[in-house]
Amino acid sequence: MDTIAVIDFETTGLSPAHGERATEIAAVLVREGRIVDRYQSLMNAGRRIPPFIEALTGISTAMVRQAPPAEQVMAEVADFVGTVPLVAHNAGFDSRFWDAELSRIGRQRCQSFVCSMLVARRVMPEAASYKLGSLVAIAGLPSAARAHRALADAEMAAHLTLYLERELQRRFGLATVTYELLERIQKVPKRGLQRCVERYGSSCTGGQAEG
DNA sequence: TGCCAGGCCCTCTTTAGGGCCTT
């Protein structure tokens, strides 16, 4: 697969449409099956951290007050990922904050998002839970020492994405898995994985699908 | 003061409702 950027936000809440802001961002670049570069920063958007969020993430109001301005951090991370396609776990959440924070500095996303949770629903249909930590445990991947921090979660999502790629290669005999195939897979209906791979994975084929 | 997300997915569904997942 070509280079991808796996990102993760920590925020003050669930919806930028209701005034919630980002407090931390991490992005890891994944190339040729491994993480090759990392960006991480707290950011100061001038907001207090709700007690629930501080308990969840360990990020306090004092910590973000000492952090660089959100505008500076978003400009840096946007430059860091460039035009590389993006991946996030439950990407609907991260894409909304990515777009909202970028719009505050007059910039616009120029690439698409793939959601590792939606891909996992197709590739790991037996999973009892699709929380990031649960999928990492099910797949036997190394778990982060401190979940709910941006870099730790971005690295776990990156390892999960690489696992999903390996699973697709193993089960369908694909030489490689393209980002475009992941985009297709996350949108197929349940039980539509094999047909999707047969139809759109042909350029990746290194053997026969196992069925 | 109280309320505020959004998309996917399942089922006791489809003229709906509720759980999951992200913080």
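We name chains A, B, ... by the order of the sequence lines, and we start the count at 1 in each one. This structure is a prediction, so every number in the text was calculated from the model and none was measured.
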Between [M] and [N], how far apart are the [atom1] atoms? Round to whole Å, please.
{"N": "B/dT22", "M": "B/dC3", "atom1": "P", "value": "25 Å"}
{"N": "B/dC12", "M": "B/dC8", "atom1": "P", "value": "22 Å"}
{"N": "B/dG2", "M": "B/dG6", "atom1": "P", "value": "23 Å"}
{"N": "B/dG19", "M": "B/dC4", "atom1": "P", "value": "15 Å"}

Tell me what [X] touches on the nucleic acid: a base, only sugar-phosphate, or nothing, going by heavy atoms under 4.0 Å.
{"X": "A/Thr12", "value": "nothing"}
{"X": "A/Asp8", "value": "sugar-phosphate"}
{"X": "A/Arg122", "value": "sugar-phosphate"}
{"X": "A/Gly13", "value": "base"}
{"X": "A/Phe9", "value": "sugar-phosphate"}
{"X": "A/Thr57", "value": "sugar-phosphate"}

(request) Nearest-nucleotide wise, let me know which of A/Ser15 and A/Ile53 is further upstream toward the 5' end of DNA chain B. (result)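 Looking at the nearest nucleotide for each, A/Ser15 comes out on the 5' side.
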(message) Which is more 5' along DNA chain B, the nucleotide nearest A/Leu118 or the one nearest A/Asp153? Just name the residue.
(response)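 Of the two residues, A/Leu118 wins.
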Decide yes or no for [X] and [Y]: does some side-chain heavy atom of the first lie under 4.5 Å from some side-chain heavy atom of the second?
{"X": "A/Arg48", "Y": "A/Thr12", "value": "no"}
{"X": "A/Tyr130", "Y": "A/Arg121", "value": "yes"}
{"X": "A/Ser60", "Y": "A/Ile49", "value": "no"}

(message) Taking any atom closer than 4.0 angstrom to a non-hydrogen atom of chain A, what span of DNA chain B does the protein reach, first nucleotide to last?
(response)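 Here the contact window of chain A covers B/dC4 to B/dT23.
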(message) Here's a test for you: under side-chain hydrogen bond (donor to acceptor under 3.5 Å, both in side chains), which of A/His89, A/His159, A/Gln186 qualifies with A/Ser116?
(response)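 It is A/His89, the one option of A/His89, A/His159, A/Gln186 that forms the side-chain hydrogen bond (donor to acceptor under 3.5 Å, both in side chains) with A/Ser116.
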(message) For A/Ala22, is there any backbone N or O sitting under 3.5 Å from a side-chain donor or acceptor partner on A/Glu101?
(response)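 Confirmed, A/Glu101 side chain pairs with A/Ala22 backbone.
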(request) Please check if any side-chain donor atom of A/Tyr39 sits under 3.5 Å from a side-chain acceptor atom of A/Glu76, or the reverse. (result)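 A/Tyr39 vs A/Glu76: donor-acceptor pair found between side chains.
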(request) Would you tell me whether A/Ser41 and A/Glu24 have side-chain atoms, one donor and one acceptor, within less than 3.5 Å of each other? (result)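 No, no side-chain donor-acceptor contact under 3.5 Å.
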